[in-house]
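The next block holds one structure in the form of structure tokens; read it before the comments.
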Number of protein chains: 2
Amino acid sequence: MEINQIIDTIYPLTTPSKNLIKASITETTFPKGHILFKANKIETSIYFIKKGIARAYAYSEDHQITFWFGTEGDPIVSMQSYVNHQKGYEDVELLEDCELYELKIAQLQKLFLEDIQIANWGRKFSELELIKSEERLISLQFNTATERYLALLKNHPSIIQRVQLSHIASYLGITQVSLSRIRANIK
Amino acid sequence: MEINQIIDTIYPLTTPSKNLIKASITETTFPKGHILFKANKIETSIYFIKKGIARAYAYSEDHQITFWFGTEGDPIVSMQSYVNHQKGYEDVELLEDCELYELKIAQLQKLFLEDIQIANWGRKFSELELIKSEERLISLQFNTATERYLALLKNHPSIIQRVQLSHIASYLGITQVSLSRIRANIK
DNA sequence: TGTCGTTTTTATCATTTGTTAAATAGTTTC
DNA sequence: GAAACTATTTAACAAATGATAAAAACGACA
């Protein structure tokens, strides 16, 4: 997805303000398997996915638990770094060769203080992420594992096609074996 | 908690900007049991809790599931109303007699467009809520019911003292009977 | 095509949580 | 203080999920 569309979808800006953001954005590519964010590190950039798919995971005991997927158009953000300038707890792994837009957090925060439109763009950005986070929270708390799997299948079919089931199982809050059982029961 | 402290904790403002927000805030009180927000309704205000405690819940089948508690200093927001001007899915019930600060969403959004400091205050407000939402998500996905109960006991002991266990159980994602079992096993 | 390595499914048994109902404890009201 | 109501705990059984191991399916690659 093109950067203009990504920016506009969050909050429409006048051309000068939009150009200020775009001037801070660079395009990069990374191969499949690249670890974009490392846990216990303060990240200095946020990214937007032009092409590809990524996951965020953290360790519980000795095994990884995936808690986020991002595809074309989605932002990749270590919230603890972005909001609090603190170490994050997650790795972000690219699951395909990816084309990304990179935006330095420090530059963006400078723009927040200088341009009211960009400040409101940043406000909207967090508001939209907050809505997504709340929806996922409700889904985890209200729905059974089977319902969550069916919802993912319906709302984000490309994730199930592009990502291996062990990651999806942990994203749904169950083991891979449980997910296999659920899939077998649905058919 | 006083409104000055609540505003400052989110993001420090110069006096004129702060006064603009404060001029839009009124103080109200409601008795225990009052339903502040109704599901399937577009709410027009957000609140901050001066004194008291509240919960947000929604219905799954025929029973209520509590997914949020707020105490002194916390904001009460129907995110769908605040962010998207759409109907929310939750009721908010006051669990004690409450003193609240009320802020009309329309007035706040007007200020967002006029005052860059307030726009950044609003940005920070959502960022902080987002961090809280993500922490809760991680807790639901990574921890067992027993671990979640112990964390609540440690981080928010006043909730367990002030709220009945049936609400806490649904907040933890388990039945009241399960919570009783967990409590019995801990001692 | 065939082999190796990875991913997914299936099977078995243990553990956790849900469901229903009854018993106990605690609160409110008269 | 007794009765009525509500909240919490306990008990018994059912259902869902976890853990471990083995089998099957799938992919990469010589």
Side-chain angles (χ1 to χ4, degrees), chain A residues 31-35 53 55 57-67 69 93-97 139-153 157-187, chain B residues 31-35 53 55 57-67 69 93-97 139-153 157-187:
Chain A
K32 173 175 173 171
H34 178 72
I35 304 295
I53 189 165
R55 72 175 178 120
Y57 61 91
Y59 281 89
S60 177
E61 315 285 317
D62 59 335
H63 65 286
Q64 303 176 351
I65 299 182
T66 297
F67 62 92
F69 291 113
E93 178 194 8
L94 306 183
L95 301 176
E96 299 174 354
D97 293 348
S139 147
L140 265 182
Q141 199 176 345
F142 282 64
N143 301 326
T144 63
T146 303
E147 290 167 341
R148 293 199 295 276
Y149 174 73
L150 291 174
L152 188 67
L153 201 59
S158 79
I159 288 178
I160 289 174
Q161 285 155 16
R162 294 159 80 180
V163 175
Q164 69 184 52
L165 291 175
S166 61
H167 297 154
I168 291 171
S170 74
Y171 177 81
L172 295 173
I174 53 178
T175 60
Q176 188 178 359
V177 175
S178 270
L179 178 56
S180 253
R181 259 189 300 228
I182 286 169
R183 285 159 61 90
N185 284 338
I186 284 170
K187 288 164 198 164
Chain B
K32 173 175 174 170
H34 178 72
I35 304 296
I53 189 165
R55 73 176 178 118
Y57 62 91
Y59 282 88
S60 177
E61 315 284 317
D62 60 334
H63 65 285
Q64 303 176 352
I65 299 181
T66 298
F67 61 91
F69 290 113
E93 177 193 8
L94 306 184
L95 301 174
E96 298 175 354
D97 294 346
S139 145
L140 265 181
Q141 200 176 343
F142 283 63
N143 301 325
T144 64
T146 303
E147 290 167 341
R148 294 200 295 277
Y149 174 72
L150 290 173
L152 187 66
L153 201 60
S158 79
I159 289 178
I160 289 174
Q161 285 155 16
R162 293 160 80 181
V163 175
Q164 70 185 52
L165 291 175
S166 61
H167 297 153
I168 291 171
S170 74
Y171 177 81
L172 295 173
I174 54 177
T175 59
Q176 189 177 359
V177 175
S178 271
L179 179 55
S180 255
R181 258 189 299 229
I182 286 169
R183 285 160 59 91
N185 285 336
I186 284 170
K187 288 164 197 166

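FYI, side chains are in, hydrogens and waters are out, and symmetry mates aren't considered; it's all heavy atoms of this structure. In what follows, chains are A, B, ... by sequence order, proteins preceding strands, each numbered from 1.
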- [ ] Under 4.0 Å from any atom of DNA chain C, heavy atoms only: list the residues of residues 159-167 of chain A that qualify, in numerical order.
- [x]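 Those residues whose heavy atoms fall under 4.0 Å from DNA chain C, taken from residues 159-167 of chain A in numerical order, are Q164(A), L165(A), S166(A).
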
From [atom1] of [X] over to [atom2] of [N], roughly how many Å is that when rounded to an integer?
X       : N       : atom1 : atom2 : answer
L172(B) : dT8(D)  : CG    : P     : 13 Å
I65(A)  : dT17(D) : CD1   : C1'   : 14 Å
N185(B) : dT17(C) : CG    : C1'   : 12 Å
I174(A) : dT17(C) : CD1   : P     : 15 Å
H63(B)  : dT19(C) : NE2   : C1'   : 12 Å
L179(A) : dT17(D) : CG    : P     : 11 Å
R183(A) : dT17(D) : CZ    : P     : 16 Å
Q176(A) : dT10(C) : CD    : P     : 13 Å

What residues form a side-chain hydrogen bond (donor to acceptor under 3.5 Å, both in side chains) with [X], not counting sequence neighbours?
X       : result
E93(A)  : R55(A)
S139(A) : none
S158(B) : none

- [ ] Only counting residues at least two apart or in another chain, list the ones meeting ring-ring contact (aromatic ring centres under 6.0 Å, His included) with F69(B).
- [x]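 In terms of ring-ring contact (aromatic ring centres under 6.0 Å, His included), with neighbours along the sequence ignored, F69(B) is linked to Y171(B).
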
- [ ] Identify, with sequence neighbours excluded, every residue that meets ring-ring contact (aromatic ring centres under 6.0 Å, His included) alongside F67(B).
- [x]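 Applying ring-ring contact (aromatic ring centres under 6.0 Å, His included) to F67(B) gives none.
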
Pairing residues for [X] by the side chain to side chain contact (heavy atoms under 4.5 Å, CB included) criterion, not counting sequence neighbours:
X       : value
S60(A)  : H63(A), I65(A), F142(B)
T144(B) : T146(B), E147(B)
P31(A)  : H34(A), D97(A)

So which atom in [X] and which in [Y] form the shortest heavy-atom distance, rounded to 0.1 Å?
X       : Y       : answer
I168(A) : I160(A) : CD1-CA, 3.6 Å
V163(A) : I53(A)  : CG2-CD1, 3.7 Å
L165(A) : L179(A) : O-CD2, 3.6 Å
L140(B) : L172(B) : CD2-O, 4.2 Å

Task: Residues in contact with DNA chain D, drawn from residues 142-152 of chain A - heavy-atom cutoff 4.0 Å - done: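 Nucleic-acid contacts, sorted: A145(A).
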
- [ ] Determine yes or no for a side-chain-to-main-chain donor-acceptor pair under 3.5 angstrom, with S170(A) supplying the side chain and T66(A) the backbone.
- [x]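 Here the side-chain-to-backbone pair exists.
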
Open item on the list: Could you go through Y149(A) and R183(A), starting from their C-alpha distance and side-chain angles, then the distance that decides it, and tell me whether this counts as side chain to side chain contact (heavy atoms under 4.5 Å, CB included)?
Closed with: CA-CA 9 Å; Y149(A) 174 73; R183(A) 285 159 61 90; 2.9 Å; yes

TODO: Compare side-chain N and O positions of S178(B) against OP1 and OP2 of dT17(C) and report whether any pair is under 4.0 Å apart.
DONE: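 Indeed not, no polar side-chain atom of S178(B) lies that close.
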
TODO: For the helix from dT1(C)-dA30(D) to dC30(C)-dG1(D), figure out the bend between the end axes, five pairs an end, and round to 10 degrees.
DONE: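 One end's axis against the other's: 40°.
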
Open item on the list: One character per nucleotide, please: for nucleotides 19-30 of chain D, 5' to 3', B when the base has a protein heavy atom closer than 4.0 Å, S when only the sugar-phosphate does, - otherwise.
Closed with: BB----------

